[in-house]
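FYI, side chains are in, hydrogens and waters are out, and symmetry mates aren't considered; it's all heavy atoms of this structure. Predicted model only: the values in this text are computed from it and were never measured.
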Amino acid sequence: MPPLPTSHPTLQSLRALLCGFAQIFLQQHPGCGVLVALAIIIGAPELLPGALLGGLTSMLVAQRRSYPQADIAIGLYGYNGILIGLLLCLKLPWTPLLPVLISASAALSSLLLAPWMRRMRQHGWLPAFTFPFVLLGWLLLALIVQLELPVAQPSHAPEQPQLSVLQLMLAVLRGLGQVIFLDSPLAGLCLLFGLRLADGRTALWALLGSSAGLALTLLSGWPSDGALAGLYGYNATLAAIALAQVYRCPLIPAGGILLALILQPSFSALGLPALTMPFILACWLIRAGAQSWHRAVKDSTPTG
């Protein structure tokens, strides 16, 4: 959906910010962005100020740096900042330091993304996806530990639920919500409606991704509490959405789901939070493999 040319600049900025929320799920529909923001209000309203500050800062930096207006309008310079704001609000209490950290990190995410996108378009680099968020997230989490900053108190963990059809359905919805650090099934349902509003096929693949992640995790004997909390579904969800947008063959998104799930435990072994890196690596591996295959086929094709 292209930006409205006659809109007031304030409305265009609001639309771009909403598209930034939608771009977390690789969409550019402002209505989807509204429902992503609503999901945050439902699941963890205390995270929304950080998300708004991160999104606005990253977008403002892009505008001041005169990055392509079309990219700003569809939210490409908003989603990494929003995710950084969510992460920092999740980990730190509100002190004067928190908005400074969010603003500085969100601004840096736009400065990192711009040259990557330029090289992607000019030299065929793989998409950045949420890599600026992951890289900055790792650095920020390490900084929090090194400086011994006071951390936000975690919410009370719910009791371990029994495996039932209802709990499995709720876990699938939590897998959607965990993309933005939410463990509320109602927030996950709101996200599903947002994806359906943007594209019905994307909503279906999101459900399949989260469901497959949950099923494979339980069948592999991994901790059921993490599985039912959706912690093994969100990377599979993003991989399914991203790959289904590019490849029509359903086996490729299915392969991305499996790869994301296989890669996720390796980050715990390395002492790193996974964040969305398993999704990124799964998509990079599949797209790099597809590009290599196409080049090999092209090189082996005899010319007339």
Side-chain angles (χ1 to χ4, degrees), residues 1 3-4 7 10-59 72-91 94 98-99 102 106 130 133 152 155 158 169-207 209-211 229-231 233-235 237-238 240-242 275-276 279:
M1 181 183 294
L4 299 176
S7 294
T10 302
L11 295 178
Q12 288 187 344
S13 295
L14 175 60
R15 188 184 188 282
L17 178 63
L18 292 174
C19 287
F21 278 91
Q23 285 287 356
I24 297 172
F25 291 86
L26 294 98
Q27 308 302 304
Q28 58 185 58
H29 193 295
C32 176
V34 170
L35 289 171
V36 173
L38 179 60
I40 297 172
I41 294 172
I42 292 171
E46 67 276 9
L47 303 184
L48 185 61
L52 291 172
L53 177 59
L56 286 169
T57 302
S58 54
M59 188 174 68
I72 298 172
I74 61 174
L76 292 180
Y77 286 100
Y79 68 98
N80 279 291
I82 291 169
L83 286 169
I84 288 169
L86 289 169
L87 177 64
L88 286 175
C89 282
L90 186 69
K91 294 297 182 181
W94 273 97
L98 182 57
I102 293 173
T130 53
F133 154 68
S155 58
M169 292 172 61
L170 296 179
V172 170
L173 293 175
R174 289 190 180 100
L176 302 181
Q178 288 289 358
V179 174
I180 49 176
F181 309 107
L182 305 177
D183 61 1
S184 164
L186 184 57
L189 183 62
C190 187
L191 293 171
L192 183 62
F193 285 146
L195 291 171
R196 175 63 184 86
L197 180 64
D199 180 61
R201 183 171 177 269
T202 294
L204 177 59
W205 271 111
L207 274 180
S210 185
S211 300
L231 295 177
Y234 71 95
N235 275 295
T237 296
L238 290 173
I241 292 173
L275 300 178
T276 54
F279 137 69

_To check you understand the geometry: which heavy-atom pair defines the closest contact between Ala73 and Cys19, and what is its length?_
O-SG, 3.8 Å
*Determine the sole option in His29, Arg196, Gln27 for which the side chain to side chain contact (heavy atoms under 4.5 Å, CB included) test with Thr202 is passed.*
Gln27
*asked:* Minimum heavy-atom separation for Asn235 and Leu275, please, with both atom names.
replied: ND2-O, 3.1 Å
*Calculate, to the nearest 0.5 Å, the distance between atoms CG and CD1 belonging to Leu182 and Ile41 respectively.*
11.0 Å
_Any non-hydrogen side-chain atom of Ile82 less than 4.5 Å from a side-chain atom of Leu86?_
yes
*Could you grab the distance from atom CG of Leu189 to atom CZ of Phe193, nearest 0.5 Å is fine?*
4.0 Å
_Shortest non-hydrogen contact between Ser184 and Ile42, atoms and distance_ = OG-CG2, 4.2 Å
*Is a donor on one side and an acceptor on the other found under 3.5 Å between the side chain of Gln178 and the backbone of Ala229?*
yes
*Is there a donor-acceptor pair under 3.5 Å between the side chain of Gln23 and the backbone N or O of Ile74?*
yes
*If you look at every heavy atom in Phe279 and Ala242, which pair is closest and at what distance?*
CE1-CB, 3.8 Å
*Could you tell me whether the side chain of Arg174 and the main chain of Asp183 form a donor-acceptor pair under 3.5 Å?*
yes
*asked:* As an exercise, state the distance from CZ of Phe181 to CG of Leu90, rounded to the nearest 0.5 Å.
replied: 6.5 Å
*asked:* Can you give me the closest heavy-atom contact between Ser58 and Gly55, atom names plus distance?
replied: OG-O, 3.0 Å
*asked:* Contact between Leu195 and Ile241 at the side-chain level, heavy atoms closer than 4.5 Å - yes or no?
replied: yes
*asked:* So if I apply the side chain to side chain contact (heavy atoms under 4.5 Å, CB included) rule between Leu191 and each of Val179, Ile24, Val36, Leu38, which one comes out positive?
replied: Val36
*What distance separates Leu176 CG from Ser211 OG, expressed to the nearest 0.5 Å?*
8.0 Å
*For Tyr77, what residues pass the ring-ring contact (aromatic ring centres under 6.0 Å, His included) criterion, not counting sequence neighbours?*
Tyr67
*Kindly give the heavy-atom pair with the smallest separation between Thr57 and Ala106, and that separation in Å.*
CB-CB, 4.0 Å
*Separation between CD1 of Ile72 and CE of Met59, rounded to the nearest 0.5 Å*: 8.5 Å
*Flag the pair Trp94 / Cys89 as yes when at least one side-chain heavy-atom distance between them is below 4.5 Å, and no otherwise.*
yes
*Look up atom CZ in Phe25 and atom OG1 in Thr237, then write down how far apart they are to the nearest 0.5 Å.*
8.0 Å
